[in-house]
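The block underneath contains the structure these notes are about, expressed in structure tokens.
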2 protein chains.
Amino acid sequence: MKTPTKRDEILQAALELIAEHGFHGAPMAMIAEKAGVGAGTIYRYFETKDVLIRQLFEELKAKIMAALLAGHPTGKPARERFSHLWKVLFRYLVANPLHHRYMEQYHNSPYGVAQHRDRLLNKPDEQDPIRSLFEEGIEQQILKDLPIMVMFSLAFGPLFGLIQDQLNGFIEMDDALIEKTVGACWDGLKR
Amino acid sequence: MKTPTKRDEILQAALELIAEHGFHGAPMAMIAEKAGVGAGTIYRYFETKDVLIRQLFEELKAKIMAALLAGHPTGKPARERFSHLWKVLFRYLVANPLHHRYMEQYHNSPYGVAQHRDRLLNKPDEQDPIRSLFEEGIEQQILKDLPIMVMFSLAFGPLFGLIQDQLNGFIEMDDALIEKTVGACWDGLKR
DNA sequence: TTAAGCGGAGCGAACGTTCATTCCAGACCT
DNA sequence: AGGTCTGGAATGAACGTTCGCTCCGCTTAA
């Protein structure tokens, strides 16, 4: 890691402020101050606040996807791949609470719906290990025959809720409990 | 239903605007206009915008809890009670999309965290059919022995995700699919 | 080798807009 | 009449964005 560029400093400051205080608790002036740049400088890198928010989302999404893909046991049984994906995602979000909180904020907002709509109606993301896991599993009759979207909610709905609880300090998920929880999610999915 | 009081009109207008456009897309002036009252009138009923937002949350929470309690098959087997709770909640939120969207907004916001913290640290809500269902089920070894909070996420995490998808028009959950999905959630929970 | 010129990055005061909240003149009861 | 309630203009604070200036590294000319 070299010295971050000003663009990076701005994105990082925006991430911290928005994740912690919401879109409205993060005025451009405050982002600028935290990033150590002038207010006008932000506009050299991002046309508007909206663009800044959207680009930050794209960067975080890419990082998360990279984490999911790294070390993915392609070719191994579905159960094992599922367990890996779930645990990697869980650990990533716990290790990067700001990422989680930002994504969460983004999702419940005008931005999020358009985003989600595009994700579904456009090409199905060539490299999506989750989707292909579900499709294979259904085809091989390992998994229940439910719409992909239902499968996704069954598998990861609990995850997002638990991340939130853990970040808020309401529960401490150790490795054993994570393992049991992955198992429970799988029980919901499997035929 | 009598003619609604001004207070009710204000709450209803706030619900519609906030659910649809977020906290920031719902200026007091707009709420006043939609409610058919003067801007100043709102302040006769609610000290600040924050108070209005919080009281609206409390009202919605009470309505949802009432729906959960109505017709609840107390004394029937855990599996049946679970199915009832899940379906009632699902149908309620689909039938009242504004309620769902408002609650969702509220939860991911400074308000939400404090709320959640209180809910846990204070008294456990004497009349909570969900919590008691889980506690009994675990004791009778019908359910997996997991923390209540994990049980809750396993059971209702998928529900909230699916509601969102349904409200956004990404999926259409008919009765058969709802039934299958409740079954899948139960499979995750049961021992 | 130096000096002048150039251009783009950076800054932050200033602008116009939007918002929550206040205030008070009138309307509406009793 | 006296008291309470109502509406919406007025207020002041906060925000996103703009703009003209400064600064600095590089090129060019002598």
Side-chain angles (χ1 to χ4, degrees), chain A residues 2-59 101-102 105-106 108-112 114-115, chain B residues 2-60 98 101-102 105-106 108-112 114-115:
Chain A
K2 300 299 185 50
T3 62
T5 67
K6 268 185 203 286
R7 184 170 181 282
D8 292 337
E9 308 256 33
I10 292 166
L11 284 171
Q12 179 63 26
L15 171 60
E16 291 174 25
L17 285 169
I18 292 174
E20 195 144 353
H21 302 112
F23 290 119
H24 314 288
M28 291 300 255
M30 206 179 288
I31 294 174
E33 191 187 14
K34 181 154 220 156
V37 305
T41 305
I42 296 179
Y43 291 86
R44 300 199 60 76
Y45 294 93
F46 306 97
E47 218 176 326
T48 65
K49 191 179 187 182
D50 267 28
V51 169
L52 165 60
I53 286 169
R54 251 185 283 272
Q55 294 206 3
L56 180 50
F57 171 78
E58 293 299 334
E59 302 228 345
R101 282 202 240 264
Y102 185 90
Q105 303 248 7
Y106 189 90
N108 310 86
S109 78
Y111 306 112
Q115 163 63 24
Chain B
K2 300 298 186 49
T3 60
T5 68
K6 267 182 207 286
R7 184 171 181 282
D8 292 338
E9 307 257 32
I10 292 166
L11 284 171
Q12 180 63 26
L15 171 59
E16 291 174 25
L17 285 169
I18 293 174
E20 195 144 355
H21 302 112
F23 289 119
H24 314 288
M28 292 298 257
M30 206 178 289
I31 294 174
E33 191 187 14
K34 180 153 220 155
V37 305
T41 303
I42 295 179
Y43 290 84
R44 298 200 55 77
Y45 295 94
F46 306 97
E47 215 176 329
T48 65
K49 190 180 188 182
D50 269 26
V51 169
L52 166 58
I53 286 169
R54 252 186 282 273
Q55 295 207 2
L56 181 47
F57 171 79
E58 293 299 336
E59 302 230 344
L60 296 182
L98 297 180
R101 283 201 239 265
Y102 185 90
Q105 303 247 8
Y106 189 90
N108 310 86
S109 78
Y111 306 112
Q115 163 63 26

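Lettering of chains follows the sequences in order, A, B, ..., and the numbering in each one begins at 1.
- Using a 3.5 Å distance cut-off with no hydrogens or angles, the side chains of B:Glu16 and B:Gln12 do pair a donor with an acceptor.
- The interatomic distance linking B:Ile10 (CD1) with D:dT6 (C1') rounds to 11 Å, in whole Å.
- Using a 4.5 Å heavy-atom threshold, the side chains of A:Tyr106 and A:Leu56 count as separate.
- Atoms CD1 (B:Ile42) and C1' (C:dT21) sit 11 Å apart, rounded to a whole Å.
- Using a 4.0 Å heavy-atom cutoff across all strands shown, A:Tyr45 reaches sugar-phosphate atoms only and no base atom.
- Within the 4.0 angstrom heavy-atom criterion, only backbone atoms of the sugar-phosphate kind lie near B:Gly36; the bases stay farther away.
- Among residues two or more places apart in sequence or in another chain, the side chain to side chain contact (heavy atoms under 4.5 Å, CB included) test is passed with B:Leu17 by B:His21, B:Ala26, B:Met30, B:Ile31, B:Lys34.
- Following rounding to the nearest Å, A:Glu9 (CD) and C:dG10 (P) show an atom-to-atom distance of 11 Å.
- Residues B:Thr5 and B:Ile10 have side chains not in contact (no heavy-atom distance under 4.5 Å, counting atoms from C-beta outward).
- Scanning all heavy atoms of the two residues, the minimum distance from A:Ala39 to A:Ala32 falls at CA-CB, 3.7 Å.
- Checking the phosphate oxygens (OP1, OP2) of D:dT6, a side-chain nitrogen or oxygen of B:Arg44 falls inside 4.0 Å.
- Side-chain atoms of B:Tyr102 come within 3.5 Å of backbone atoms of B:Ile53 as a donor-acceptor pair (strictly under, hydrogens ignored).
- In this structure, CG of A:Leu17 is placed 16 Å from C1' of D:dA14, rounded to the nearest angstrom.
- Other residues, nucleotides and ligands place no more than 12 heavy atoms under 6.0 Å from the CD atom of B:Glu33.
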Each nucleotide in nucleotides 15-20 of chain D should get exactly one letter: B, S or -. Can you fill that in based on protein heavy atoms under 4.0 Å?
SSBB--
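- Of the side-chain N and O atoms in B:Lys6, one or more sit less than 4.0 angstrom from OP1 or OP2 of D:dG7.
- Here the straight-line distance linking atom CD1 of B:Ile18 with atom CZ of B:Arg101 works out to 14.0 Å at 0.5 Å rounding.
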Tabulate protein N/O versus nucleotide N/O from nucleotides 28-30 of chain C, keeping only pairs under 3.5 Å, one per line.
none

